[in-house]
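By convention in this document, chain letters (A, B, ...) are assigned in the order of the sequence lines, proteins followed by strands, and residues within each chain are numbered from 1.
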Amino acid sequence: MIGATHYVALSLVLMCIGLVGVMVRRNFITVLMSLELMFNAVNINLIAFSFRLGDLAGQVLAIFVITVAAAEAAIGLGLIITLVRLKDTVALEEADEMGG
Amino acid sequence: MTLEQFVPFLPEIVLATAGFIVLLLGIPLGRGGVRQLSIFGVASLMVTGVLVWLFGRPADGPALILGDMLVIDNFAVFFKLLFLAAGAVAIFMAAGFLERFGYGGGEYVSLILFATVGMFVMASGASLASLYVGLELMALSVYVLVGYFKLEIKSNEGAVKYFVLGAASSAILLYGISLVYGSLGTLDLQQIRDSLTSVPTSNPMLVLGMVLVCFGMLFKVAAVPFHVWTPDAYEGAPTPVTAFISVAPKAAAFAMFMRLFFGAFASGIDHWRVVLWVASAATMIYGNVAALTQDNVKRMLAYSSIAHGGYVLMGLVAFNQTGAWAILMYILVYAFMNFGAFGFVILLESKGYAGEVIGDYAGLARRHPGAALGMLVFMLALAGIPPTAGFMGKLYIFSAAIEGGYVLLTVIAVIMSAVSLYYYFRIVVQMYLYEGDEEGAEPAEYLRDRWAEVMIAICIVITMLIGVWPAPVVGWAKTAASALGVM
Amino acid sequence: MDFLIANFGAILFYVVAAITVAAAVAVVAFRNPIHSAVALLLTFVMVAVLFILRHAEFLAAVQVLVYAGGILVLYLFVIMLVRITDLGPGRVFLSGLAPLAILGGVVLGCLIAVGILLGSMAAGAGSTAAMTAVEGEALGNTEAVGWILYMKYLVPFEVVSVVLLVAMIGAIVFGRRDAALAGAGEEVEP
Amino acid sequence: MKLYDLIWLIPILPLLGAIFNGLVSNRLGLSKTITHTVALLGSGSAWLLGWGAIVQWILDLGIHHTHIVSLYSWIQGGSLRILDGSTADVNIAASFQLDAVSALMVSFVTFVGFLIHVYSVGYMHDESDRAYARYFSYLNLFMFSMLVLVLGSNLVVLFVGWEGVGLCSYLLIGFYFEKDWCAAAGKKAFIVNRIGDWGFLLAIFATFMVFGTLEFSEFFPMAAGHPEHYATAATVIGLLLFVGAIGKSAQIPLYVWLPDAMAGPTPVSALIHAATMVTAGVYMVVRCNVIYRISPTAMLVVAIVGGLTAIVAATIGLVQNDIKKVLAYSTVSQLGYMFLGAGAGAFVAAIFHVLTHAFFKACLFLGSGSVIHACGGEQDIRQMGGLKKYMPTTYWTFLVATLAIAGIPIFAGFFSKDEILAKVFEGGAADLNHFGSAYYALWVLAVVGAIMTAFYMFRLVFMTFHGEFRGGEEAEHHLHESPWTMTMPLVVLGVLSIFGGLVGIPGKLFHHPEWNLIERFLEPILLPIGHAAEAGHDVSHHAVSLGLEWGLVFLSVAVASFGIWMAYRFYMGAEAMVRPKRLAERFPLAYKLLLNKYYVDEVYDATVVGGTVKGSRFLWEVDARVVDGAVNGTALSTVGSSFLSGIFDLRVVDGAVNLIATIYDVGSRWFRKLQVGFAQGYAMVMVFGAAILLAVFYLFKLN
Amino acid sequence: MMDFQYGYLLNLIVYLPLAGALVMMAFINKENSTALKTWATLVAGIDFVISVPLWFLYKPDGAEFQFATIKEWIPSVGVQYIFGVDGFAVLLILLTTLLGFIAVYCSFTAITERQKEYYVFLLLLQTGMLGVFCSLDFILFYVFWEVMLVPMYFLIGVWGGPRRLYAAIKFFLYTLVGSVLMLVGILTLYWFNANGLAAIGLEGLGNEPTFSVVHLFTIAGQIPPEVQFWVFLAFFVGFAIKVPMFPFHTWLPDAHVEAPTAGSVILAAVLLKMGTYGFIRFSLPLLPHATIKAVGWVALLSIIAIVYGALVAMAQKDMKKLVAYSSVSHMGFVMLGMFALNDAGLRGSILQMLNHGVSTGALFLLVGIVYERRHNRMIAEYGGLAKVMPLYATFFMIITMSSIGLPTLNGFIGEFTILIGVYNHSWVWALFAASGIVLGAAYMLWMYQRVFFGELSNEKNKDLPDLNRREQWTLIPLVVIAFWIGLYPKPFFERMAPTVDRVLERVAVAMPEQAPTAAEQVAEIAHAPAGEETGERGE
């Protein structure tokens with residue numbers, strides 16, 4: 001019988017993939033995609049739980065998450081555009097003016 | 001759901017609307033009319049303030065409104081007023097700065113207003129859902145604000161870093177929320193609190209959820225090890241924004257932090273206290289020590305604000321009534337002294353990020369004694385030297401920690417606050433002990449700007465006032481904190 | 001055969017899950033962002049399927065619409081816009097960091113997993129009961145969600161709308177080319 | 001109003017003089033006349049008042065009455081729990097007391113002091129006005145201190161004077177401060193004295209701890225009342241006090257400062273370093289005779305130190321060629337005799353010797369002063385000779401004084417010194433405190449010392465006044481007798497050196513003990529100890545038969561004459577100066593040893609002084625490096641991690657003065673390395689940080 | 001326990017300099033140096049004048065704390081504004097006001113640039129120091145305690161010598177570290193008196209929380225020894241750094257050497273007393289058990305300080321450094337006398353504080369005078385000064401003598417009283433401590449000899465002008481006091497006696513045999529306006 005546990009495990013895997021993606025990719029766009037993966041992972045969790053608990057709050061929250069994710073995507077892409085304008089690159093780690 | 005129910009929600013509505021209007025006004029005005037927009041923005045903030053005062057305050061005890069999404073209590077009021085003040089200061093301080101750098105004011109002001117709305121929700125959210133969206137609203141606005149000087153590489157870079165890390169961390173936060181939801185079946189803080197008293201908090205998944213939420217919050221308050229975004233975001237952001245985000249979002253984050261951990265997750269304290277203890281100690285040490293060798297004032301203040309976050313966390317670790325109101329007190333004090341300090345950075349900063357290096361302050365006492373004196377006051381306050389407000393803030397935090405019995409933590413804290421004096425005084429040394437005419441020194445010119453100066457003056461007055469006569473503020477903080485009903 | 005029927009749900013789940021994970025990995029692994037985008041699309045869809053498996057049809061719809069329909073298109077547009085798709089051979093990953101990063105991710109994952117597994121073990125018994133209880137009726141249907149969304153979660157909903165507004169502003173701020181500003185910008189360009 | 005109620009005024013009068021000369025004439029540079037008038041007024045009035053007071057005291061109250069004048073309560077140290085468990089108030093009064101011994105001291109201190117003031121008028125006349133004023137203010141100040149010392153009615157007031165005279169001697173030795181060695185000598189004197197004072201202070205504390213009071217009139221009776229009860233305490237106190245005395249009265253091992261002290265003007269040497277200050281130690285021991293008498297050990301120590309000093313100083317004196325150095329060592333040696341006497345229980349004799357010594361030694365110094373004056377500052381007797389015909393007065397007075405010190409009968413020195421020798425011998429004979437043999441040994445030493453005394457004193461006389469002048473032509477022209485202001489005191493003192501001794505005729509030799517005025521006069525200060533201890537007293541009477549006593553007398557006369565004869569053989573007539581050379585050649589080592597004063601100074605410099613200075617330098621290094629470093633080192637804990645980064649060593653090697661800053665600096669930079677500068681890096685920091693936090697969390701949660 | 005008569009007096013004394021400074025900031029043009037000097041002198045002078053009445057109005061047989069003021073300050077946390085002084089504090093206040101005045105007066109010609117700031121800081125410093133001696137509420141005390149640091153920092157940092165930056169920050173950091181730890185101690189006491197410390201399971205007394213020292217005195221007896229130990233440690237670091245005691249003294253030489261004359265004077269004369277004041281006012285009465293436990297160690301450190309300080313002083317080539325190290329030695333005496341924990345010892349140590357203030361203050365003035373003429377402090381640079389500057393030499397001699405404890409001068413009374421007390425406690429200590437007197441004479445006289453005696457070798461010194469009238473007047477008061485204390489210390493002893501007795505009573509709590517009686521005494525002392533809302537619950 002497939003329980004919440006399976007879903008949670010899956011979402012955890014997705015989460016980690018997303019996290020690793022954020023860390024290893026140089027291309028800002030792909031990094032953004034990885035972020036989306038992480039949000040999806042969360043959503044899987046929420047849905048699984050809401051189903052298990054027979055409670056809709058989870059789903060509602062998931063909707064918010066999706067929306068927010070969309071908004072973040074928009075801003076992120078905007079940032080990419082400026083980055084490209086200023087430095088003519090989409091390589092995230094080349095934004096390293098500051099540090100230390 | 002009747003219309004009357006929305007009355008307490010009025011402030012948020014007004015603010016959002018005002019933000020929208022400013023945005024629209026801003027489009028035709030383009031780069032001009034910053035001042036007018038600022039006045040409009042601040043006016044709307046004031047109106048909101050009045051509304052908060054009229055409808056925001058609970059008639060009798062905390063009240064849940066609008067489907068238990070928001071709670072109306074003194075705690076929220078305290079923070080809301082703080083946010084409003086912060087917003088106003090940020091807008092007024094920015095006006096001259098934006099003009100100097102040739103950026104339009106419309107988006108800026110509206111973003112500040114929207115961010116304020118988000119923080120309102122964070123401060124008064126009664127459900128994980130509302131808290132989360134509030135958080136995101138605030139965060140997104142701030143991302144944009146940080147990147148607002150889109151032609152400055154640093155600005156953009158700061159925004160990028162802040163954004164990427166912020167998004168990741170909010171995912172973590174959400175993950176935590178989902179776990180909590182999964183194990184308790186509700187998003188409403190009140191219910192969470194109640195069920196936590198019944199459900200054994202030993203449930204690892206639940207506790208893990210709390211811890212992940214805690215991580216998310218720690219990111220927002222820039223606590224080690226989630227502080228990494230801070231220095232770059234602060235340094236990169238336009239200075240008024242830096243001032244704003246170093247104060248308001250941080251305060252909002254702490255407000256949410258307290259809502260969650262003094263309110264909903266209170267009975268889980270024994271599980272996550274250790275995390276906070278470590279984070280707090282690490283933050284204080286890291287922030288202060290790393291700040292010692294910073295030559296860029298904005299960056300130094302960034303580290304210093306990390307460190308201050310650490311002090312505030314002590315209040316959470318202590319987890320007692322004193323801690324609760326001490327945090328409020330500290331945040332309030334910190335808001336004004338930090339704003340003041342950044343105010344001078346703003347006044348000294350001209351295009352090309354001149355005026356950010358410590359050397360730029362050389363001999364300020366000679367050329368502008370008033371300014372130097374003001375800066376001195378803020379440096380002392382940040383270092384926690386009486387009779388400034390900074391000391392009063394620290395006093396209560398430390399007091400709370402001692403009451404909690406966390407002597408070691410307190411000792412770390414006091415030692416570190418002594419250390420912090422060193423880097424704050426590096427600026428003082430430049431201002432007073434150097435003449436500014438040594439070879440190789442080209443001190444930045446001090447660009448007069450009435451509005452900013454008035455704001456700074458207000459900050460000075462408040463900083464000194466609280467330092468000398470803190471009783472009333474302490475009173476408010478206590479009433480506000482009591483709304484949380486910690487033990 | 002009977003086995004298949006008996007455990008259809010399970011099998012389906014495993015298959016879908018496998019595809020999801022594979023797609024996700026592909027997103028991270030593909031060199032060309034466009035390919036990654038396609039893989040991402042696959043992931044979204046699969047997640048939507050999982051939603052359906054958990055009786056969240058409405059959400060599944062939203063997922064497909066917003067993500068696949070909205071966000072992904074946005075991505076593709078940007079990719080085209082910036083025209084810098086391929087960072088060139090060997091410059092896909094932060095080669096230096098990659099192993100460390102994976103290690104970190106895995107470690108963190110495991111740490112979290114520990115918690116969750118322990119947790120679900122602890123709460124396992126009760127949950128199955130709850131699930132079976134809600135098994136029957138049509139849960140997660142659009143109207144139910146809509147109802148609760150507008151009755152209870154109105155405030156967050158409103159706020160989210162503002163969030164979108166802010167996103168829009170962000171897009172404006174970052175996207176707008178401003179000749180004058182550019183002029184102003186040149187001065188600061190080193 | 002009786003004069004003896006005004007004894008507090010006796011010190012004050014010179015003080016006024018000092019203040020006037022110091023503040024007014026020195027600042028304004030008033031003429032010498034005014035200066036020395038004031039000075040003489042100061043000391044003279046003190047003299048008159050002193051004698052008047054004493055006379056009235058004797059007449060009205062009698063010598064058995066100790067008259068105490070308490071001015072005001074000075075130090076209120078609160079109450080302390082003392083040894084016997086009771087609590088006593090530390091309440092020290094500024095009070096003065098007039099009794100036999102202080103009367104005696106006052107009488108001759110004021111008198112000799114006055115004479116020397118007079119003398120100085122002549123001696124110092126070619127100093128500049130200011131220097132002149134300074135000199136006299138110092139001199140008056142000294143009178144003040146000395147009188148406080150002798151009049152003080154408790155240990156603390158005594159200590160005030162004690163330190164005061166130390167200060168004045170410091171100032172006066174360093175009077176010619178332009179000369180480095182004078183200044184150095186002054187400093188040396190003060191510091192060596194301070195070492196003594198260290199003992200004195202501890203003695204005071206011990207006394208209070210034991211008796212709960214510091215007033216002589218209170219704790220002497222207590223001690224005398226229960227000798228056996230206080231015996232141990234008395235030993236401690238007595239020895240500590242004696243440490244003070246050693247310093248002040250230049251006894252072994254602290255005598256080194258006195259010869260150097262001759263750097264000061266000669267009158268000063270006469271007054272301070274011969275007549276008065278250096279005898280303060282003796283005075284103190286006599287004053288505290290009760291303490292010593294109930295503590296045999298202390299007494300023996302006093303005797304031994306005294307005896308050794310007497311002989312050692314005498315030997316050194318044999319070969320010195322600086323006229324004042326010779327006198328200095330003879331002073332040391334004479335002081336040794338005094339202590340020897342005191343140590344043998346002859347307190348009266350000791351004081352008696354102080355008195356006579358004051359006369360003849362002052363006379364000698366003043367004489368030498370007038371010689372030096374005549375020879376234009378020349379002090380080497382090898383450059384003198386035959387001065388007899390140029391300065392007869394000086395010569396005769398000098399000769400008289402020499403005879404006195406040599407111990408020729410009817411001269412003052414004879415009586416006192418003989419008294420001491422006799423008492424020491426009796427001490428041996430009576431097996432005093434069962435240390436008989438020790439006292440015999442000391443007696444032998446003393447006798448040998450007497451020979452030497454006679455020898456080197458006459459050596460001095462012969463080489464200075466007889467034979468041919470060896471100072472060269474043009475020096476010879478300047479030779480002249482000194483002005484009356486200088487000769488007058490000489491004469492007076494000379495006379496006193498002859499007849500001064502008559503106050504202490506050893507009457508018992510003629511079955512007339514009452515003839516010995518001084519013994520009768522001082523008798524009251526020798527409180528009877530308990531009841532058994534009369535023994536100590538009786539001994540001196542019956543232990544030695546009369547015949548033997550006479551024998552001793554003759555012996556000492558013989559001894560003295562022998563010494564004189566030797567000196568004559570060596571330094572007069574045909575073979576003058578030849579024999580000594582021959583002797584020196586025969587015993588080169590011994591000669592060098594003596595000539596260099598046993599190298600004691602060198603040894604001290606090498607060990608004590610050098611040691612201290614080196615030690616302090618070393619400590620300073622330590623302070624600069626280690627202590628500072630250690631304190632700063634605590635910062636290590638803050639950033640111990642930073643040891644890993646090589647920067648750290650580099651910094652330390654740099655030897656940055658401010659280690660703490662360095663360490664924080666390093667730590668700071670190390671921390672900043674976390675701030676790698678690009679987003680993914682930050683993400684990793686966060687992830688790992690989170691992992692660590694989680695791990696910590698689990699660790700704490702699982703237990 | 002408190003007497004509110006003339007309460008306004010203290011406030012006046014404390015805040016007058018502050019007001020003066022503000023006025024100066026606001027109204028006096030920074031170019032107009034005469035006006036600045038006159039005003040500063042005026043303010044400081046008046047402050048001294050109005051502080052003199054304390055000397056006469058203080059009633060030795062009266063309440064423990066007189067001229068008291070009590071106002072609510074931060075009621076919700078039990079922070080009160082409590083002013084009040086006992087004889088001990090009165091003496092220190094007079095010392096402060098006098099030396100404050102002298103400090104202003106002595107800098108007329110020494111300070112030539114940025115005079116306005118300079119005098120402002122001097123006056124602020126004045127307020128800070130006076131406040132410390134007046135405050136009877138821990139927070140109030142702490143506020144003043146730290147306020148003091150800032151002006152001092154600037155005095156050293158702006159007008160100091162070549163290494164001033166380093167010296168200033170070192171001074172500030174050292175003292176700050178000490179005081180923040182002290183704050184921890186204070187808070188521990190505070191919570192012990194109230195709810196207790198949760199996590200370490202320390203039960204509190206459940207009293208109304210208060211920082212009022214007068215109240216905390218009443219509960220001193222009930223603090224468990226182990227708590228006392230830690231609190232004592234915290235206090236100790238704070239105060240010992242200020243004193244400074246042996247291992248913590250390294251900031252002193254730097255600060256002294258770099259500071260301008262007035263700075264050194266204030267530093268030596270008053271700031272160092274803060275530490276010892278703290279010990280006597282807080283550590284001893286509040287933490288009797290810990291105190292008695294600590295006696296041995298403190299005594300050891302003090303003796304080391306005495307000998308060590310003297311020896312290091314001997315090695316110095318720089319006059320100011322020498323004097324600085326001599327302070328270390330002298331303060332060692334003060335600490336030793338204090339921890340003899342008996343009447344004489346405490347009285348002596350209090351008196352010695354004043355003496356050290358007077359003598360060392362004067363010494364720094366004197367060094368500053370030649371420094372101002374030659375801009376050089378190296379002993380080697382001088383020699384034979386007595387010839388060109390006889391008056392200067394005279395003053396220097398008098399002060400030297402006072403600092404090496406010559407009878408009839410103040411130093412002797414202090415050292416004598418201390419040592420008799422110390423001897424009473426342990427003769428071994430006295431043995432070592434007394435050696436400090438010998439060494440003291442050694443290094444002071446050696447310096448004196450090298451500076452004033454010998455050939456007038458250095459050309460530059462040939463025509464140094466002697467003291468001018470102003471310089472004389474800065475020194476004369478101190479000399480007069482030196483003689484006054486030396487000849488007639490009675491009034492001083494009278495005024496400090498009550499303090500000493502009370503301190504000893506409170507320490508006696510920890511001595512088993514007297515415990516009950518002493519406790520009762522403390523209790524009945526405690527009935528005071530300050531204690532009223534809390535005092536009763538104290539027992």
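- Here B/L292 is the residue among B/V160, B/I412, B/L292 with the most heavy-atom pairs under 4.5 Å with chain D.
- B/V275 touches chain D through backbone and side chain together, each having a heavy atom under 4.5 Å away.
- Of all the listed residues (B/A282, B/P231, B/P225, B/A279), the one sharing the greatest number of non-hydrogen pairs under 4.5 Å with chain D is B/P225.
- Between B/L276 and B/F257 the shortest side-chain heavy-atom distance falls below 4.5 Å.
- Residue pairs meeting the side chain to side chain donor-acceptor pair (under 3.5 Å) criterion with at least one member in residues 196-206 of chain D, sequence neighbours excluded: D/W162-D/D197.
- Ranked by heavy-atom pairs under 4.5 Å with chain B, the first of D/G689, D/A679, D/A690 is D/A690.
- Both the backbone and the side chain of B/A290 have a heavy atom closer than 4.5 Å to some heavy atom of chain D.
- In this structure, chain D has heavy atoms under 4.5 Å from both the backbone and the side chain of B/Q294.
- Qualifying salt bridge (charged side-chain N to carboxylate O under 4.0 Å, His left out) partners for B/E136, counting only residues two or more places apart in sequence or in other chains: none.
- Side-chain contact, D/N91 with D/Q76: no donor N or O sits under 3.5 Å from an acceptor N or O.
- Here B/E235 does not pair with B/K298 in a salt bridge; the nearest charged N to carboxylate O distance is not below 4.0 Å.
- Across B/W229, B/F215, B/F163, B/Y162, the residue that shares the most heavy-atom pairs under 4.5 angstrom with chain D is B/F215.
- B/D232 and D/Y682 share a side-chain donor-acceptor pair at under 3.5 Å.
- Both the backbone and the side chain of D/L694 come within less than 4.5 Å of a heavy atom of chain B.
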